[in-house]
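Heads up: the structure comes next, in structure tokens.
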Amino acid sequence: MARLLIRGFEVWKSHLDSKAQAALIDALRPILKAAPLFNPSTASGKKMSVRMTSAGSCGWISDTSGYRYEPDHPAGRPWPAIPESILSIWRDTSGLDRLPDSCLINYYGEDTKMGLHQDKDEADFSWPVVSVSLGDDALFRMGNPTRGGKTESLWLSSGDVVVMGGEARLSYHGIDRIRFKSSRLLPKGGRINLTLRVVT
DNA sequence: GAGTTACG
DNA sequence: CACG
């Protein structure tokens, strides 16, 4: 549907219809079984409210040792492969031949928030980051490449895709609020965000 | 350091 | 009292 450009963030509203969204949830089920969600902490030892896991050749990890990409789930097994249905969202929205190495899977519950941050643990910032929203609505905040200054917020809903490339690739962004049970995609409520990245 | 809160 |  509509494509908005806000501070360099490319927002594809309603990119995925409800059938495609349901198919993605089905594709995620075996991944979450093989690589269960875990509750990370920041480098300073504070618990994050989001729960996460990954698919792909590497996954983003945060613990008291710091932020990095690892080839294995904390339990020791390699991350599951990224399903074709997810790779095809990357192709459609990025238009690139190169595929992402990593798909971070974040689960947001009723009170989960994600503070303003940059995605900067990747080797080459010329590749965009693609973010897929599934489930409950989320208030997304978009800032600037440096801390401070004005920000703009936008409600993201299930099926929306955000592409962070170019001037927005290193821009601060975060999630301020979840409208719990605003969507019926996940019967128990909550939001799943998929973040696709070229890491290496 | 992807956290939390105060404050205008 | 919601927002930045």
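Lettering of chains follows the sequences in order, A, B, ..., and the numbering in each one begins at 1.
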**Q.** A:Asp160 (side chain) donor-acceptor with A:Ser157 (main chain) under 3.5 angstrom
**A.** yes

Subject >> A:His173 and A:Phe140 aromatic ring geometry - parallel, tilted or perpendicular at 30°/60° bounds >> reply: tilted

What residues 118-142 of chain A contributes to the DNA chain C interface at heavy-atom separation below 4.0 Å is A:Arg141

_Using side-chain contact (heavy atoms from CB on, under 4.5 Å), reason through A:Ile25 and A:Leu186 one step at a time and then give a plain yes or no._
CA-CA 8 Å; A:Ile25 296 301; A:Leu186 303 174; 3.7 Å; yes

Original post:
Do the charged groups of A:Asp119 and A:Arg197 touch, with an N to O distance under 4.0 Å?
Top reply: yes

(message) Heavy-atom count check: over 12 atoms from other residues, nucleotides or ligands less than 6.0 Å from A:Arg68 CZ?
(response) yes

For A:Ser183 and A:Gly135, the nearest pair of non-hydrogen atoms, with its separation, is CB-O, 3.2 Å

note: A:Arg179, atom CZ; C:dA2, atom P; distance rounded to Å ~ 14 Å

Which is true for A:Arg68 with a 4.0 Å heavy-atom rule: it touches a base, it touches only sugar-phosphate, or it touches nothing? nothing

From the list A:Asp136, A:Thr112, A:Asp111, side-chain contact (heavy atoms from CB on, under 4.5 Å) partner of A:Phe180 resolves to A:Asp136

Sugar-phosphate, base or nothing in reach of A:Gly174, heavy atoms under 4.0 Å:
nothing

When rounded to whole Å, the CG to P distance for the pair A:Asp176 and C:dG4 reads 8 Å

Practice item. Would you verify whether the NZ or CZ of A:Arg169 falls within 45 degrees of the ring axis of A:Phe125 while also being under 6.0 Å from that six-membered ring's centre? Key: no

Among the nucleotides B:dG1, C:dG4, C:dC3, whichever has the atom closest to the side chain of A:Ser153 is C:dG4

| request: Take A:Asn193 and A:Thr195 through the test side-chain hydrogen bond (donor to acceptor under 3.5 Å, both in side chains) and record every step on the way to the result. | output: CA-CA 6 Å; A:Asn193 183 71; A:Thr195 313; 3.0 Å; yes

With both pairing distances under 3.5 angstrom for Watson-Crick or G-U wobble, and | for a partner in another strand, the correct string for DNA chain B is ......||

Rounded to whole Å, the NZ-P distance (A:Lys150 to C:dG4) equals 11 Å

On a heavy-atom basis, the closest approach of A:Leu24 and A:Ser85 is CD2-OG, 3.6 Å

Under 3.5 Å, which N/O atoms of the protein pair with N/O atoms of nucleotides 3-6 of chain B?
unit_1: B:dG3; atom_1: OP2; unit_2: A:Gly115; atom_2: N; d: 2.6

* Should the pair A:Arg98 and A:Trp127 be classed as cation-pi, given the thresholds of under 6.0 Å to the six-membered ring centre and 45° from the axis? -> yes

